[in-house]
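Here the structure is laid out as structure tokens; the discussion comes afterwards.
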There are 2 protein chains.
Amino acid sequence: MPGARPKTRDADATRARILAAAKEEFARLGLGGARVDEIAEKAQANKRMIYHYFGSKENLFRIVLEEAWLDIRNAEQELELDHLPPEAALETLVRFTWNYYLDNPEFITLVNSANLHRGRHLEGSERLRTASRRFVNMVRDILDRGVAAGVFRPGIDPVQLNITIAAIGYYYLTNRHTGAILFERDFMTPQALAERLAFNIETVMRLVRA
Amino acid sequence: MPGARPKTRDADATRARILAAAKEEFARLGLGGARVDEIAEKAQANKRMIYHYFGSKENLFRIVLEEAWLDIRNAEQELELDHLPPEAALETLVRFTWNYYLDNPEFITLVNSANLHRGRHLEGSERLRTASRRFVNMVRDILDRGVAAGVFRPGIDPVQLNITIAAIGYYYLTNRHTGAILFERDFMTPQALAERLAFNIETVMRLVRA
DNA sequence: CTTCAAAGTAACCAACCAGTGCGTTATGCA
DNA sequence: TGCATAACGCACTGGTTGGTTACTTTGAAG
């Protein structure tokens with residue numbers, strides 16, 4: 001929940017409250033479903049302020065998206081995977097990705113919304129491209145070290161591996177509602193979550209092992 | 001594109017045109033973004049006919065979703081995987097799933113929309129549950145035959161395997177727009193698609209092999 | 001032919017919604 | 001203290017949207 005409005009005027013705080021409320025609403029209802037009035041109310045701000053700080057609903061969406069992505073890329077960097085042996089580094093990345101999706105469920109729905117709109121709102125974000133390049137290099141480094149140590153097979157594309165690591169967690173969580181109906185099981189019990197994580201680690205390890 | 005309006009009155013054809021147009025619009029813009037007037041125009045029908053046949057926008061969405069799921073479940077059955085040896089059956093399923101997503105891109109966005117609304121529109125569809133049960137049994141049978149033949153390891157949960165097979169294709173395609181921006185490569189060239197399919201087959205085979 | 005239910009249409013409505021015009025209030029600085 | 005600037009708020013609009021009312025047309029059974 002965005003915090004309460006401060007007594008005195010504070011541009012940064014108001015901007016931040018709007019951003020937090022927008023993230024919630026866009027994640028819950030998508031770009032088309034979210035209401036600017038609702039965002040303003042949740043942020044304890046006036047709708048006029050949204051247009052003052054962000055210009056348009058679409059631009060607000062754009063900034064929410066960019067922030068969300070920069071957040072996960074920063075968190076990945078803080079894992080310092082280059083300090084771990086390759087197998088431990090990869091398993092840590094799989095666990096981290098899974099837990100990040102669990103702890104930040106709005107990230108997944110925001111990404112879905114962005115893609116429904118064909119990625120239009122992320123085009124031209126140089127900050128994001130830079131962060132992503134660093135991330136891919138980190139995974140490439142893990143793979144290279146694993147090959148050198150003889151524990152990973154050579155020739156694996158780090159981008160394909162990244163996509164797979166994200167996919168096996170992301171899909172399970174984003175499609176948990178229809179999954180629960182089709183497969184007649186609760187996807188979100190602690191046991192179900194633990195089983196899925198173990199399955200995913202096994203999948204990735206078998207994929208890379210020499 | 002839904003066909004042109006027939007000369008004479010034809011309730012079934014009108015209903016079908018509305019359904020086809022709705023599928024397109026819901027897939028393109030989501031439940032909230034789709035416009036009933038637009039669906040009526042695309043279907044060459046009057047908006048009132050939508051309410052006559054389907055009662056409400058939400059109910060129209062519900063039926064579009066159910067049809068889309070039944071379509072893929074039926075197509076899977078037609079593969080007759082029980083006539084193939086276990087390894088060939090599994091690879092065929094991975095290829096089929098991938099190609100189905102490629103040939104029916106609206107399926108993916110419909111599923112995303114359904115999950116944004118927490119699966120609410122699929123609740124209580126007994127037809128769908130029956131079809132899904134048969135599908136899971138089919139995969140379980142492939143796994144069992146593979147274990148008996150000594151080519152697959154035992155203890156694999158067919159539901160987890162299903163989820164993974166869907167995930168590694170689905171995620172790549174649904175997130176191809178943001179992926180293209182982040183990873184600075186075109187996800188949809190024939191070569192990129194062939195590489196991803198090969199990677200996915202490798203992933204699944206390594207996951208199940210004894 | 002007649003009849004009548006179903007198919008089809010146009011015009012409408014109340015609610016809603018992104019965006020704005022314009023005025024007010026607080027704050028930092030000279 | 002006075003002033004420029006930025007933060008903030010209210011009330012409105014022009015256009016849109018899901019859904020409805022009241023009506024005409026069609027086809028087929030008897």
Side-chain angles (χ1 to χ4, degrees), chain A residues 2-65 113-114 116-117 120-121, chain B residues 2-65 113-114 116-117 120-121:
Chain A
R5 175 168 28 193
K7 277 86 191 143
T8 72
R9 292 185 170 196
D10 186 337
D12 287 350
T14 302
R15 217 189 102 102
R17 283 203 318 280
I18 291 172
L19 225 37
K23 190 180 196 174
E24 244 185 76
E25 285 298 287
F26 285 137
R28 202 162 57 88
L29 301 161
L31 171 58
R35 300 294 163 228
V36 176
D37 285 288
E38 190 67 28
I39 292 171
E41 196 177 344
K42 270 205 178 176
Q44 304 235 52
N46 191 277
K47 181 164 62 160
R48 199 72 188 76
M49 291 295 94
I50 292 178
Y51 288 92
H52 180 64
Y53 288 121
F54 300 99
S56 71
K57 186 187 184 186
E58 291 237 339
N59 198 54
L60 176 58
F61 184 63
R62 183 171 281 118
I63 290 170
V64 165
L65 272 183
S113 283
L116 179 62
H117 297 282
R120 179 162 44 97
H121 303 90
Chain B
R5 175 170 26 193
K7 277 88 192 139
T8 72
R9 293 185 169 196
D10 186 337
D12 287 348
T14 302
R15 215 188 104 102
R17 284 203 316 280
I18 291 173
L19 223 39
K23 190 182 199 175
E24 245 184 77
E25 285 299 288
F26 285 137
R28 202 161 58 88
L29 301 161
L31 172 58
R35 301 295 164 226
V36 176
D37 285 288
E38 191 66 28
I39 292 171
E41 195 176 344
K42 269 203 179 179
Q44 304 235 51
N46 191 279
K47 182 165 63 156
R48 193 63 188 82
M49 290 294 95
I50 292 177
Y51 289 92
H52 182 249
Y53 289 121
F54 300 99
S56 71
K57 185 186 183 185
E58 292 236 338
N59 199 55
L60 176 58
F61 184 64
R62 183 171 281 117
I63 291 170
V64 164
L65 273 183
S113 283
L116 179 62
H117 298 282
R120 179 161 45 94
H121 303 90

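Computed over heavy atoms, backbone and side chain alike; hydrogens, waters and symmetry mates excluded.
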Let me know the distance between [atom1] of [X] and [atom2] of [N], rounded to the nearest Å.
X	N	atom1	atom2	answer
B/N46	D/dG18	CG	P	15 Å
B/E38	D/dG15	CD	P	19 Å
A/F26	C/dA18	CZ	C1'	12 Å
B/E41	C/dG8	CD	C1'	16 Å
B/E25	D/dT17	CD	C1'	14 Å
B/R15	C/dG8	CZ	P	13 Å
B/M49	D/dC23	CE	C1'	12 Å
A/F61	C/dG19	CZ	P	14 Å

Practice problem: Would you kindly compare B/Y51 and B/R48 by the position of their nearest DNA chain D nucleotide and give the one closer to the 5′ end? | Solution: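 By nearest-heavy-atom nucleotide position, the 5'-most residue is B/Y51.
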Quiz item: Do B/K47 side-chain and D/dG18 base share a donor-acceptor contact under 3.5 Å?
Solution: yes
Quiz item: Has the side chain of B/K57 got a donor or acceptor that lies under 3.5 Å from a partner of the other kind on the base of D/dG19?
Solution: no
Exercise. Give B/F54 one of three labels, base, sugar-phosphate or nothing, depending on what nucleic acid heavy atoms sit under 4.0 Å from its own.
Key: nothing
Just verifying a value: how many Å separate [X] [atom1] and [Y] [atom2], rounded to the nearest 0.5 Å?
X	Y	atom1	atom2	answer
A/R35	A/L29	CZ	CG	8.0 Å
B/R28	B/E24	CZ	CD	7.5 Å
B/Y51	B/N59	OH	CG	11.0 Å
A/L65	A/L60	CG	CG	10.0 Å
A/I18	A/K42	CD1	NZ	14.5 Å
B/H117	B/L31	NE2	CG	4.0 Å

It should be established whether [X] places a side-chain nitrogen or oxygen under 4.0 Å from OP1 or OP2 of nucleotide [N].
X	N	answer
B/H52	C/dA7	yes
B/T14	C/dA7	no
B/Y53	C/dG8	yes
B/S56	D/dG19	no

Exercise. Check DNA chain D against residues 27-34 of chain A and give the residues with a non-hydrogen atom under 4.0 Å, in numerical order.
Key: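 Result for residues 27-34 of chain A: none.
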Practice problem: Might you work through the side-chain contact (heavy atoms from CB on, under 4.5 Å) test for A/V36 and A/E25, ending with a clear yes or no? | Solution: CA-CA 9 Å; A/V36 176; A/E25 285 298 287; over 6 Å; no
Quiz item: Could you walk me through whether B/F54 and B/R15 pass the side-chain contact (heavy atoms from CB on, under 4.5 Å) check?
Solution: CA-CA 9 Å; B/F54 300 99; B/R15 215 188 104 102; 3.7 Å; yes
Quiz item: Could you give the angle between the helix axes at the two ends of the helix from C/dC1-D/dG30 to C/dA30-D/dT1, with five pairs per end, rounded to 10 degrees?
Solution: 0°
Practice problem: Mind listing the closest non-hydrogen atom pair of A/A34 and A/F26 along with its distance? | Solution: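 Shortest heavy-atom separation between A/A34 and A/F26 comes out as CB-CD2, 3.5 Å.
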Self-check item: Side-chain donor/acceptor of A/K57 to backbone N/O of A/I50, under 3.5 Å
Solution: no
